Amino acid sequence: MRQPKGLDLRSEADRLISAGSGELASLRLAELWRNEAGAGAAAFLVSRYEQLRGKIPLVSYRLAIPRSFTVEPAIPLLRAGAFVHGIDLTVQLGDFNAYAQEILDPDSSLYRFAPDAVMIAARTADIAPELWHGYPDLAPDAVPPVVQRVSNSFSQWIRVFRDRSSAALIVHSLELSARPGMGLLDAQQETGQSAAIQQINQELRHIASEHRAAYTLDYDGLVARHGRLRWYDERKWLTARMPISADHLIYLAREWLRFLIPLTGKTAKVLVADLDNTMWGGVIGEDGMDGIKLGPEYPGAAYQNVQRAMLDLARRGILLAICSKNNPEDAMEALENHPGMLLRPKDFAAVRINWSHKAQNLREIASELNIGVDALSFLDDNPVEREQVRSALPEVTVIDLPEDPLFYAAAVRECPVFERLALSGEDQQRTTLYAAQRERSHAEQTFQSKEDFFRYLEQEAEVVPVSPATLARVAQLTQKTNQFNLTTRRHTEQQIADVASRPGWQVLSIKLRDRFGDHGLVGVAITRDEDETCEIETFLLSCRVIGRTVETALLSHLAQSAAARGRQRLAGRFFSTKKNAPARDFYARHGFHLQEENGDGSVWTLDLQHSTIATPEWIRLKTTEGQRN
């Protein structure tokens, strides 16, 4: 008798681990998690991923959870989900209901743990007991002081924490009661129980927005989505101080993970979508433009919802692309002319409509957009195509779709790799930026030499120190840039701000524009002066401008600036990864000498007394001092 699929996957994962096939084992573990995410699978996954540590790429991350209730059963679920997304998560739980003391005490275990992120998980009943249990006994004029007290507490905790830690801070909002104490009267009063809690949540969002790397988790929205009455387990709360029902713990873990994925940079930059039965119902080559299902009424509305979800992603700065097995003429006719289409050809940064293998098309799309394959996500109704892409390109995020197209849009919206915690101006203009990039690529083909093309571009670059206006984009580049990143060190907004305030440190960014448009902020350099040396701690460049010699212009500025400050040497490190090969010979090409090489990377130095780095003649470089090179 054949074993259940879950047991087969467990056995297969163990066999692959024993054989030393870490990446294949990871694929099977991820499949197991998709099929049966729960406590049993979580324990198995965590134990097996711990065996794979060091054999597959994982990002180490430390999360502290000060809390007012029992969350222990959710931690294995969280760690399992994190492992599936390439995050090796270490979790420290605060003492029960000691969240305030741990935040306010500078010597608490919270700060000794040195977390990368902190999640404050406290219930309304614990933070505002007057509003939860005792509201009917409150006089109307007693409600505003309670709201003010709780809001002031949040403000104090966030301010104190931010003064003591550069970790990202996520704070649960307060949940509303499923059964307000005053019943129907609650909705009739401006100072009702629900209104008071909502006012605190509004204040919390405002307070968080005033601090760097502080975010609000809409815990009340999470509870409401899954049903307030079903979310809680009164028996477990009274017996074990565990208020959440066992079958809802997975949703709490997933909501936490939605924050951790963007914080660790494990996001997708591009959604690559199929056409037939994915963006519209039917097969365009067989049904024709008039026969496909696409419009405001069922069943075409399901596919319009998918396109609407994709448009929403584009507004977050996520690029859209097409990968479809089709006749190009048929597909393009629908894209351009079908009245039900919400997306048009201009909305896609790359298009592959042919009969080639989709894995190959995905590789070509990544190459065209100058990004890593791991930055792609893939949407296709065909489970065979999805599995083939998973097998050929395990780095790609493949979105599983249910059988019913009515739920396709929800699958897109719920995929955590599309989450963002901040939006820069570049994010909002990303599709436009890539459209201009296509124009540049077409223009480049008309020139016989790169130098002539560079002169034609009329590039203007500006090097400026980090500012409050550019802080989010600078931090975002450190978290997302992989191909031209010499050290791949990741920094949060708060960490960038802290470094910029230290004596001897410089945090610089470079902006670029040319005759085709404005690239925005495309590069970051972080340096530190120590004695006679200026050390480059971080040096990176957006994939959009690799090969335009912008990196030379930025390095030239670093060398000239360091020499002007009296430094005699410019030093930098290179840490090799699977993705940053384009930066491997960067220092050697610019006259640096190899000083040291070991398992941790290589160290390079440039003698500033006898060497210079010239700004490319085709780049007009402006600095904050108004100097031009």
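Computed from a predicted structure; not experimentally measured.
With respect to Met310, the side chain to side chain contact (heavy atoms under 4.5 Å, CB included) criterion is satisfied by exactly one of Leu342, Asp347, Leu343: Leu343.
Between Asp498 and Arg212 there is no salt bridge, since none of the side-chain N atoms of the basic residue sits less than 4.0 Å from a carboxylate O of the acidic one. The pair Asp274-Lys325 does not meet the salt-bridge criterion, since no charged nitrogen lies less than 4.0 angstrom from a carboxylate oxygen. A salt bridge is defined here as a Lys NZ or Arg NE, NH1 or NH2 lying under 4.0 Å from an Asp or Glu carboxylate O, and Arg413 with Asp312 meets this definition. Ion pair Arg352/Glu368 flagged as a salt bridge, since at least one NZ, NE, NH1 or NH2 atom sits closer than 4.0 Å to an Asp/Glu carboxylate oxygen. Ion pairing between Glu460 and Lys622 fails under the 4.0 Å rule for side-chain N and carboxylate O. Under 4.0 Å is where a charged nitrogen must lie from a carboxylate oxygen, and between Glu50 and Arg79 at least one such pair does. For Arg62 and Asp116, the salt-bridge test fails: no basic side-chain N is under 4.0 Å from an acidic carboxylate O. Salt bridge annotation for Glu444-Lys450: absent, with no cationic side-chain nitrogen under 4.0 angstrom from a carboxylate oxygen. Taking 4.0 Å as the cut-off between side-chain N and carboxylate O, Arg386 and Asp400 count as a salt-bridged pair.
Formation of a donor-acceptor pair under 3.5 Å by the Asp529 side chain with backbone atoms of Glu532 is not found in this model. Formation of a donor-acceptor pair under 3.5 Å by the Arg316 side chain with backbone atoms of Phe418 is found in this model. For the pair Thr533 (side chain) and Glu535 (backbone), a donor-acceptor distance under 3.5 Å is absent. A distance-only check finds a donor-acceptor pair linking the side chain of Gln307 to the backbone of Met279 [under 3.5 Å]. Of the possible donor and acceptor atoms, one in the side chain of Thr487 sits under 3.5 Å from a partner among the backbone N and O of Glu537.
We find the CE-CG distance between Met332 and Asn326 to be 11.5 Å, quoted to the nearest 0.5 Å. Distance check: Gln495 CD to Thr492 OG1 gives 3.5 Å after rounding to the nearest 0.5 Å. Taking CZ from Phe539 and CZ from Arg489, the interatomic distance works out to 14.5 Å, rounded to the nearest 0.5 Å.
At a cut-off of 3.5 Å, with distance as the only test, a side-chain donor of Thr577 or Asn580 sits close to an acceptor on the other residue.
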>> Between Tyr587 and Phe574, is the ring pair (Phe, Tyr, Trp, His ring centres under 6.0 Å) condition met? List the steps.
In response: CA-CA 9 Å; Tyr587 285 128; Phe574 176 75; 7.9 Å; no
> Does the side chain to side chain donor-acceptor pair (under 3.5 Å) test come out yes or no for Thr623 and His557, once each step is laid out?
Replying inline: CA-CA 8 Å; Thr623 68; His557 174 77; 5.2 Å; no
> Going through the checks in order, is the salt bridge (Lys or Arg N to Asp or Glu O under 4.0 Å) test met by Glu530 and Arg565?
Replying inline: CA-CA 11 Å; Glu530 186 172 355; Arg565 295 194 305 272; over 6 Å; no
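Cation-pi geometry between Arg515 and Tyr456 is satisfied (NZ or CZ under 6.0 Å from the ring centre, within 45° of the ring normal).
More than 12 heavy atoms of other residues, nucleotides or ligands lie within 6.0 Å of CD in Gln595, so this atom counts as buried by the packing criterion.
Taking the six-membered ring where the residue is Trp, the centroids of Phe586 and Phe484 are separated by under 6.0 Å. A ring-centre distance under 6.0 Å is found for Phe454 and Trp618.
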